[in-house]
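All of these numbers come straight from a predicted model, not from anything done at the bench. Note that these values count all heavy atoms, side chains included, but never hydrogens, waters or copies made by symmetry. Order of the sequence lines sets the chain letters (A, B, ...), proteins ahead of strands, with each chain counted from 1.
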Amino acid sequence: MSAQRTAGTRISRDELAAVIAADIPEGSIVNLGIGAPTLVANALPEGLEIILHTENGMLGMGPAPEPGRIDPDLINAGKQAVTELPGAAYFHHADSFAMMRGGHLDVCVLGAFQVSEHGDLANWSTGAPGAIPAVGGAMDLAIGAKSVYVMTDLLTKTGESKLVASCSYPLTGVGCVTRVYTDHAVFDVTPDGFAVRQAFGDNTIDSLAELTGLALVDATQGSSPDASGGARTKEEVR
Amino acid sequence: MSAQRTAGTRISRDELAAVIAADIPEGSIVNLGIGAPTLVANALPEGLEIILHTENGMLGMGPAPEPGRIDPDLINAGKQAVTELPGAAYFHHADSFAMMRGGHLDVCVLGAFQVSEHGDLANWSTGAPGAIPAVGGAMDLAIGAKSVYVMTDLLTKTGESKLVASCSYPLTGVGCVTRVYTDHAVFDVTPDGFAVRQAFGDNTIDSLAELTGLALVDATQGSSPDASGGARTKEEVR
Amino acid sequence: MIDKTTPDAAAAVADIPDGATVMIGGFGRAGQPVELIDALIAHGAADLTIVNNNAGNGDTGLAALLAAGRVRKIVCSFPRQSDSWVFDGLYRDGRIELELVPQGNLAERIRAAGAGIGAFFSPTGVGTELAEGKEARTIEGRDYVLEYPIRADFALIAARAADRWGNLVYRETARNFGPIMASAATTTIVQVDELVPLGSLDPETVVTPGIFVDRVVPVGIRSWLDADGAFVGGVDLEGRPLAAATAEEAAA
Amino acid sequence: MIDKTTPDAAAAVADIPDGATVMIGGFGRAGQPVELIDALIAHGAADLTIVNNNAGNGDTGLAALLAAGRVRKIVCSFPRQSDSWVFDGLYRDGRIELELVPQGNLAERIRAAGAGIGAFFSPTGVGTELAEGKEARTIEGRDYVLEYPIRADFALIAARAADRWGNLVYRETARNFGPIMASAATTTIVQVDELVPLGSLDPETVVTPGIFVDRVVPVGIRSWLDADGAFVGGVDLEGRPLAAATAEEAAA
């Protein structure tokens with residue numbers, strides 16, 4: 001079903017990370033999921049204060065340490081060595097996940113296997129028989145942050161759309177995704193389905209509709225109808 | 001109904017506090033309720049380490065400060081000035097009451113209006129019309145500690161027994177009291193009702209039965225059947 | 001640059017509307033954000049629902065807010081105290097509504113709001129009149145009642161020191177409700193003795209991370225501390241210098 | 001005198017029986033009580049249920065306990081990692097039972113056990129296969145599932161320092177599950193770098209009060225700290241001195 005599709009312009013992961021970073025206002029508290037989303041940290045503008053949360057118990061996480069300065073007590077959720085910035089704070093796991101579940105994070109950026117046009121997210125299990133399941137904090141992040149951004153390629157390696165009418169993989173969260181950043185375009189999740197917010201290069205609403213097999217709303221003219229980027233308020237998250 | 005009762009020996013509150021203090025083993029974590037139970041602190045043996053908890057957020061509470069050294073940030077649950085002992089720790093209210101509710105306190109000592117022979121406690125409200133109700137931490141203490149000791153006069157000022165078949169005042173907790181220390185005698189709450197553990201002076205099982213109007217078990221010979229003093233284990237409290 | 005510092009208490013509370021639910025920190029006088037309460041009184045917001053452990057002491061702070069007639073309802077565990085005459089009068093006159101909550105359930109319900117918990121089964125209050133009408137359940141042989149979160153539009157709390165990100169440390173038992181109320185309100189306003197430079201609070205010892213704090217108002221060191229925040233004493237339980245207390249008592 | 005110090009790890013774990021439920025602190029390797037786990041392996045208790053965020057890394061610590069065939073069931077959020085080959089093999093062979101719990105529900109269920117909460121409604125996992133069969137409820141328009149406490153007979157955790165009352169401080173993200181597991185076990189055993197005199201921990205900064213701790217085993221300072229506990233670095237992520245790591249890589 002994907003073979004005859006026209007592939008449009010694809011931006012690199014680093015470019016996509018920069019697009020995401022540019023949408024995060026100063027002062028935001030942000031959790032970056034394991035994998036590609038960690039690239040967003042490198043793309044955050046110098047001099048803006050954006051506070052990174054890592055669910056294993058820290059706010060104010062800094063970049064990787066210099067060689068020889070690795071501290072095994074100071075790691076991120078991906079179990080990589082990180083550093084501490086001025087203004088950091090440590091806390092235990094129950095407090096850390098209370099922050100998420102209570103709607104206190106502004107943004108989280110997650111990878112995905114699939115996102116449905118209702119905002120359902122599948123990113124923790126392919127459901128393959130014999131696979132060893134592991135969920136970690138994905139389900140907490142999915143339901144917790146005010147804005148849940150997904151960073152992903154639009155198509156799988158075999159050319160299938162990760163944006164779908166309904167997820168076939170096991171769900172991580174229901175109706176939780178606010179926006180999807182892909183290598184072809186940026187999509188907001190709206191009550192009318194996916195709305196194309198920004199199309200990269202030669203991608204068009206029509207070409208994206210063909211790639212995804214979905215009816216898409218055109219929100220590329222002017223600003224998105226929801227200027228806040230689809231962020232839920234703290235009250236709504238609760 | 002109380003007029004014709006024979007009054008037996010009554011020990012003083014300070015003496016009663018000493019009786020209670022002698023039953024608290026070293027290493028115990030103890031919460032002393034507002035009022036008479038605070039006298040137990042003064043009666044604890046010098047040199048034994050018994051850790052006092054105050055529900056407004058402290059373990060390792062020390063005695064009242066010297067004159068001029070009052071610190072308004074450092075108070076107990078009765079809002080009196082206290083001090084900090086080496087080994088103390090501060091925590092917030094949710095953590096403090098989690099300690100109680102989770103069964104981590106060894107002993108609490110509370111006042112009472114009434115205690116029923118099933119261990120029900122009434123100590124927060126007389127239920128009088130127009131009275132302003134106030135409960136504080138009484139209900140949390142009642143259900144939380146491994147051993148809930150009540151310290152009280154056996155009789156009200158008008159001569160009625162505070163030990164009753166069934167409480168007429170509003171309850172603080174159901175089946176929560178393990179032992180009652182009164183000015184006449186010490187009673188364990190048992191499945192068979194109140195058991196007299198120790199009778200002071202000329203009080204006898206018979207005179208106490210007459211004062212209380214209750215059938216009493218005689219547990220004064222040798223040790224109480226439950227050498228642990230009726231303490232629930234942490235598992236049972238949970 | 002993130003800077004949650006607000007020039008003064010008046011500016012910090014200026015958007016609290018009539019009808020708001022406001023959590024106020026403190027256990028008795030310890031940790032009570034007196035300067036923020038005074039600013040709230042001056043601001044004039046009325047018809048408030050207040051969440052606090054108590055219902056005011058003496059004639060200042062929360063008691064003054066009550067005396068000004070601004071409070072429709074109070075949610076607390078222990079209103080009646082030796083010095084709660086303001087509340088007592090309003091309650092007896094039927095001019096204030098009271099929701100009485102056992103202290104641990106009050107704390108846990110506030111925490112639940114901050115932690116995104118929809119409801120929880122608590123053993124506290126089971127079989128008492130404060131559990132009447134609440135959903136009950138027996139779990140593994142123990143009885144519980146279902147308790148719901150308590151949220152607020154605003155929290156007014158007091159802490160010892162903050163940095164410009166809103167990281168907070170407290171002092172002794174003045175910590176009490178501050179950390180949980182900060183997490184349970186849409187907007188959290190903190191008065192602190194001292195604003196310290198970012199990076200000067202040890203990350204291991206921050207009690208309330210700035211994620212829970214929206215506005216910080218430095219109000220100056222308490223009278224029982226020296227300029228470095230060290231305890232020097234010399235006050236009574238209400239924080240009045242002992243000489244002044246003695247003079248007042250002599251005059252009385 | 002209260003003294004929770006235990007002479008060595010072997011004595012501290014000697015009464016853990018076959019069939020016990022044991023919580024083990026740590027997130028990956030950070031905060032993993034390796035010396036206590038080694039002692040548990042030597043002690044020989046079998047048929048254990050283990051609660052940990054992960055299911056072992058490499059061939060040491062929790063992974064070694066699994067490899068020794070002592071674990072019947074593991075309750076965790078993230079078993080599959082790049083270096084979880086021991087668990088992976090056991091699971092594929094059907095030799096270990098897995099209860100997979102979302103990480104925040106795992107943490108909150110452990111906290112609930114310590115806090116005397118009978119059950120709580122969590123929004124995490126709603127509508128997913130990990131919520132199948134769980135009681136669901138909509139509260140104020142949001143969907144929740146009911147989650148129950150996770151308790152243990154023993155908790156084995158690691159902290160930076162303790163005093164003889166068992167008051168604990170942690171270091172950085174090695175804090176992770178320590179404080180909540182300490183509260184949720186009947187018997188809590190802590191390994192620490194350092195035992196410090198009573199009174200030398202600042203009461204404002206104690207993270208786990210001694211009320212939650214039963215036994216303290218000093219095991220010596222970590223190789224990335226100096227004798228005063230200050231960070232000096234010079235190790236890889238597994239804590240091996242960089243020279244040794246380089247030598248091993250050269251040999252490989």
Side-chain angles (χ1 to χ4, degrees), chain A residues 54-58 61 65-82 84 88 90-101 103 120-122 124-125 127 130-144 170-176 236-238, chain D residues 27-31 53-55 57 76-81 84 87-88 91-92 98 100-108 110-111 122-130 140 142-143 160 170-180 207-208 222 224-225 231 233-239 242:
Chain A
T54 182
E55 61 262 37
N56 52 315
M58 182 187 196
M61 180 175 69
E66 290 169 29
R69 302 297 289 174
I70 286 173
D71 184 344
D73 292 331
L74 183 45
I75 60 173
N76 66 12
K79 302 184 177 77
Q80 300 165 306
V82 294
E84 166 193 301
Y90 297 105
F91 31 83
H92 63 58
H93 250 74
D95 281 351
S96 184
F97 282 80
M99 284 178 198
M100 288 188 214
R101 205 191 300 109
D120 298 347
L121 173 67
W124 73 281
S125 166
I132 297 175
V135 64
M139 291 184 179
D140 302 275
L141 284 163
I143 59 92
L171 292 186
T172 308
V174 175
C176 57
E236 287 168 338
V237 172
R238 288 166 174 166
Chain D
F27 176 84
R29 294 172 189 274
N53 188 66
N54 303 110
N57 304 76
C76 72
S77 86
F78 207 79
R80 190 194 59 223
Q81 301 168 86
S84 63
F87 170 82
D88 298 357
Y91 184 78
R92 291 220 166 86
L98 170 66
L100 191 71
V101 182
Q103 197 168 336
N105 284 354
L106 180 67
E108 189 70 10
I110 293 168
R111 178 195 179 269
S122 170
T124 300
V126 166
T128 75
E129 64 185 50
L130 295 188
E140 294 193 3
R142 196 176 192 194
D143 295 329
R160 161 79 190 95
Y170 300 84
R171 188 164 179 274
E172 300 171 342
T173 58
R175 185 184 302 195
N176 56 64
F177 283 91
I180 51 175
V207 174
T208 296
R222 288 165 243 194
W224 50 96
L225 305 180
F231 176 69
V235 301
D236 66 11
L237 252 185
E238 300 173 17
L242 284 177

Item to check | Structural part of V235(D) lying under 4.5 Å from a heavy atom of chain A | outcome: both

Checklist outcome for this item: Partner of Y90(A) under side-chain contact (heavy atoms from CB on, under 4.5 Å), picked from V207(D), N176(D), T173(D), is T173(D)

Next on the checklist: Pair I143(A), R142(D) - check side-chain contact (heavy atoms from CB on, under 4.5 Å), show working.
Outcome noted: CA-CA 11 Å; I143(A) 59 92; R142(D) 196 176 192 194; 3.9 Å; yes

Next on the checklist: With a 4.0 Å cut-off on N to O distance, would you call D73(A) and R160(D) a salt bridge?
Outcome noted: no

Checklist entry - For N76(A), is it the side chain, the backbone, both or neither that has a heavy atom under 4.5 Å from a heavy atom of chain D? => result backbone

Checklist outcome for this item: Bottom line for T172(A): the part with an atom under 4.5 Å from chain D's heavy atoms is backbone

Checklist entry - CD1 of I110(D) to NE2 of H92(A): how many Å apart, nearest 0.5 Å? => result 11.0 Å

Checklist entry - Between Y170(D) and chain A, which part of the residue has a heavy atom less than 4.5 Å away: side chain, backbone, both or neither? => result neither

Checklist entry - What distance do E84(A) atom CD and F231(D) atom CZ have between them, rounded to the nearest 0.5 Å? => result 10.5 Å

Checklist outcome for this item: d(T124(D) OG1, L141(A) CG) to nearest 0.5 Å is 9.5 Å

Checklist outcome for this item: Under 4.5 Å to a heavy atom of chain A? For N54(D) that would be side chain

Checklist entry - Do you know which of A107(D), P179(D), S77(D) has the most heavy-atom pairs under 4.5 Å to chain A? => result S77(D)

Checklist entry - After noting the C-alpha distance and the side-chain angles of L130(D) and W124(A), does the key distance pass the side-chain contact (heavy atoms from CB on, under 4.5 Å) rule? => result CA-CA 11 Å; L130(D) 295 188; W124(A) 73 281; 3.9 Å; yes

Checklist outcome for this item: A30(D) and I75(A) have their tightest heavy-atom pair at CB-CD1, 3.8 Å

Item to check | Greatest number of heavy atom pairs closer than 4.5 Å to chain D - which of P133(A), G68(A), A122(A) | outcome: P133(A)

Checklist entry - Any idea which of P123(D), G178(D), S122(D) has the most non-hydrogen atom pairs under 4.5 angstrom with chain A? => result P123(D)

Checklist entry - Quick one: CD on E108(D) to CZ on F97(A), what's the gap to the nearest 0.5 Å? => result 11.0 Å

Checklist entry - Highest number of heavy-atom pairs under 4.5 Å with chain D: which of Q80(A), M58(A), K79(A), E55(A)? => result K79(A)

Item to check | Nearest atoms (heavy-atom pairs only) where R69(A) meets G233(D) | outcome: NH1-N, 4.5 Å

Checklist outcome for this item: From the list A94(A), A138(A), A77(A), the residue making the most non-hydrogen contacts under 4.5 Å with chain D is A94(A)

Checklist entry - If you tally heavy-atom pairs under 4.5 Å against chain D, which of D140(A), D95(A), L171(A), V174(A) wins? => result D140(A)

Checklist outcome for this item: Assert top hit (heavy-atom pairs under 4.5 Å, partner chain D, pool G57(A), A81(A), P67(A), G127(A)) equals A81(A)

Checklist entry - Are the side chain of R80(D) and the backbone of I132(A) linked by a donor-acceptor contact shorter than 3.5 Å? => result yes

Checklist outcome for this item: Smallest heavy-atom separation, L237(D) atom then P72(A) atom, equals O-CB, 3.6 Å

Next on the checklist: At a heavy-atom distance under 4.5 Å, which candidate from T54(A), I70(A), D71(A) has the highest pair count against chain D?
Outcome noted: D71(A)

Next on the checklist: Ignoring hydrogens, what is the shortest heavy-atom contact between Y91(D) and A131(A)? Give both atom names and the distance.
Outcome noted: CE2-O, 4.5 Å

Next on the checklist: Can you tell me which portion of R171(D) sits under 4.5 Å from chain A's heavy atoms? Options are side chain, backbone, both or neither.
Outcome noted: both

Checklist entry - Hey, mind stepping through N105(D) and M139(A) against side-chain contact (heavy atoms from CB on, under 4.5 Å) and telling me if it holds? => result CA-CA 9 Å; N105(D) 284 354; M139(A) 291 184 179; over 6 Å; no

Checklist entry - Taking the inter-plane angle between the rings of H93(A) and F177(D) on a 0 to 90° scale, is it parallel (under 30°), tilted (30 to 60°) or perpendicular (over 60°)? => result parallel

Item to check | Residue, of S84(D), C76(D), P102(D), G125(D), that accumulates the most heavy atom pairs under 4.5 Å with chain A | outcome: P102(D)

